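Chain A is the first sequence line, chain B the second, and so forth, proteins listed ahead of strands; every chain is numbered from 1. Everything quoted here is computed from the prediction, not taken from an experiment.
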2 protein chains.
Amino acid sequence: MNIGDASKQSNLPPKTIRYYEDIGLIKPLRDANGYRSFRDRDIHKLVFLARSRALGFTIEDCRNLLALWDDQTRASADVRAIAKDHLSQIENKITDLQAIHSTLSQLVHDCAGDHRPDCPILKTLETFPKTS
Amino acid sequence: MNIGDASKQSNLPPKTIRYYEDIGLIKPLRDANGYRSFRDRDIHKLVFLARSRALGFTIEDCRNLLALWDDQTRASADVRAIAKDHLSQIENKITDLQAIHSTLSQLVHDCAGDHRPDCPILKTLETFPKTS
DNA sequence: CATAGGGATTCCAGTCACTGGAGGGTCAAG
DNA sequence: CTTGACCCTCCAGTGACTGGAATCCCTATG
């Protein structure tokens, strides 16, 4: 299977697939003409990567998850640890964003948003207290 | 005021301050010895930048906000538009993260996390339906 | 006066995860 | 035989810094 079809199967752009080969996540074979030749296993890995990335795992997370996936004797606890760690990062990010959201929506609410120059948003940006 | 003090006042690392000068956000004077010399106005801008970045505005947003801040005749509506746009981006990001969070926490919940190789997380990463 | 330290300067390279583009080779259809 | 779709590699750019090297400046101490 050529890269175009692999792209369709995995829903990843060809550029990204080449990049994943570059950094050693996949190792497709090569045809005589130099074209990459993707086996089922490669496609499977690409799908796996697309899913994992869509869930926000970093490339290094993906590398570890793929290694565990390849290892039939892995303990599910190892996978779970990576996922839990990622989960708590997501929770932190959501908390941060919610704090930002509440500050900013208050500002937007307070701002008349008319033609006059008076603007509480800018005023606050000058004096907003330190975020720890 | 030298860059070290400006760094303390604004809570931004010196590297970042130099970077902000590079990309034209601030224009500190120079002393005879070549050291940057920060006036109150520069410090004020740095504080403004630190606040805005902490609220997740991009550098380009900050550039626009600073220009409005400099412009005493600006309309508050212009500032409000930038802030509202940013706000809706934040809302989207929170929604995305919450969806990811719910998927992933279900997976973590389903996973025994023991020494056995059976792992629903990896299984799902192979087959998780497309994210639109 | 030599020197040691702390701080300042510039410039180059690296981060993360791609993405765009140039310049060229390959293949199947008409 | 040409067209157009596909494939290849390599280089550079993104955003917002960050790290490090090599060098310079200032102050204080022996």
Side-chain angles (χ1 to χ4, degrees), chain A residues 1-39 42-43 45-46 48-66 86 89-90 93 96 100 131, chain B residues 1-39 42-43 45-46 48-66 82 85-86 89-90 93 96 100 131:
Chain A
M1 191 184 306
N2 282 350
I3 200 168
D5 293 319
S7 167
K8 272 164 211 149
Q9 296 280 320
S10 63
N11 218 24
L12 289 170
K15 280 270 185 190
T16 301
I17 296 176
R18 292 194 193 99
Y19 172 69
Y20 285 170
E21 185 187 10
D22 263 14
I23 62 173
L25 288 178
I26 49 164
K27 297 185 183 27
L29 301 175
R30 295 293 179 130
D31 287 338
N33 58 12
Y35 287 18
R36 287 169 184 80
S37 174
F38 295 83
R39 293 151 296 178
D42 298 316
I43 301 298
K45 283 195 180 186
L46 288 175
F48 184 102
L49 286 166
R51 312 295 198 232
S52 312
R53 294 285 303 127
L55 287 175
F57 286 99
T58 66
I59 290 285
E60 284 318 298
D61 282 339
C62 291
R63 198 187 295 280
N64 294 328
L65 289 171
L66 264 187
H86 181 43
Q89 286 178 36
I90 290 172
K93 213 173 257 174
D96 288 354
I100 290 172
T131 54
Chain B
M1 191 184 303
N2 282 351
I3 200 167
D5 293 321
S7 167
K8 274 165 208 148
Q9 296 279 321
S10 63
N11 218 23
L12 289 170
K15 279 267 183 190
T16 301
I17 297 177
R18 291 194 192 99
Y19 172 70
Y20 285 170
E21 185 187 11
D22 262 13
I23 63 173
L25 288 178
I26 51 165
K27 296 185 183 29
L29 302 176
R30 295 293 179 131
D31 287 338
N33 58 11
Y35 286 19
R36 286 170 186 79
S37 174
F38 295 84
R39 295 151 295 179
D42 297 317
I43 301 298
K45 283 197 180 186
L46 288 174
F48 184 101
L49 286 166
R51 311 294 198 233
S52 311
R53 294 287 302 127
L55 286 176
F57 286 99
T58 66
I59 289 287
E60 283 320 296
D61 282 340
C62 291
R63 197 187 295 280
N64 294 328
L65 289 170
L66 264 186
I82 296 177
D85 188 73
H86 180 43
Q89 284 177 38
I90 290 172
K93 213 172 261 177
D96 287 354
I100 290 172
T131 54

Does B:Arg36 put a side-chain nitrogen or oxygen below 4.0 Å from OP1 or OP2 of C:dA8?
no
So do the side chains of A:Ser10 and A:Leu49 get within less than 4.5 Å of each other, counting heavy atoms only?
no
Test B:Asp85 against B:Gln89 for side-chain hydrogen bond (donor to acceptor under 3.5 Å, both in side chains), laying out the working first.
CA-CA 6 Å; B:Asp85 188 73; B:Gln89 284 177 38; 3.0 Å; yes
Pick from B:Arg36, B:Lys45, B:Lys15, B:Lys27: which one makes a salt bridge (Lys or Arg N to Asp or Glu O under 4.0 Å) with B:Glu21?
B:Arg36
Strictly under 4.0 angstrom, non-hydrogen atoms only: write out the protein contact profile of nucleotides 20-30 of chain C, one letter per nucleotide from the 5' end, B, S or -.
BB---BBS---
Set of side chain to side chain contact (heavy atoms under 4.5 Å, CB included) partners for A:Asn64, sequence neighbours left out
A:Ile82
Mind calculating the distance between CE (A:Met1) and C1' (D:dC6) to the nearest angstrom?
16 Å
Looking at CG of A:Leu65 and CG of A:Leu55, how far apart are the two atoms once the value is rounded to the nearest 0.5 Å?
10.0 Å
Starting at atom CD of A:Glu21, determine the distance to atom C1' of C:dA17, rounded to an integer number of angstrom.
17 Å
If we ignore hydrogens and angles and just use 3.5 Å, is the side chain of A:Ser37 paired with the main-chain N or O of A:Arg30 as donor and acceptor?
no
Could A:Lys93 and A:Asp96 be called an ion pair, given the rule that one side-chain N must be under 4.0 Å from one carboxylate O?
no
Rounding to 0.5 Å, atoms CZ (B:Phe57) and CD1 (B:Ile90) come to a distance of 7.0 Å
When the axes are fitted on five pairs at both termini, how much does the helix from C:dC1-D:dG30 to C:dG30-D:dC1 curve, in 10° steps?
30°
Given D:dC7, C:dC18, C:dA8, which nucleotide is nearest the side-chain atoms of B:Ile3?
C:dA8
When you measure from the side chain of A:Tyr20, which nucleotide among C:dC18, D:dT18, C:dT19 comes out closest?
C:dC18
Just call it for B:Pro14: base, sugar-phosphate, or nothing, with non-hydrogen atoms closer than 4.0 Å on any strand.
nothing
A:Tyr19, nearest nucleotide to its side chain (from D:dC17, D:dT9, C:dA17):
C:dA17
Between A:Arg53 and B:Lys8, name the one whose nearest nucleotide on DNA chain C is closer to the 5' end.
B:Lys8
With respect to the side chain of B:Arg18, which nucleotide from C:dT19, C:dT10, C:dA17 is positioned closest?
C:dT10
Interatomic distance where CD1 belongs to B:Ile17 and P belongs to D:dC17 [whole Å]
11 Å
Could you check how far CG of A:Leu55 sits from P of C:dA17, rounded to whole Å?
15 Å
Just to confirm, is there a sub-4.0 Å distance from OP1 or OP2 of D:dT18 to any side-chain nitrogen or oxygen of B:Thr16?
yes
Applying the side chain to side chain contact (heavy atoms under 4.5 Å, CB included) criterion to A:Pro28, which one of A:Tyr20, A:Tyr35, A:Phe38 satisfies it?
A:Phe38
What's the closest nucleotide to the B:Arg30 side chain, out of C:dT19, C:dT9, C:dA17?
C:dT9
To the nearest Å, give me how far apart CG (B:Asp22) and P (C:dC11) are.
9 Å
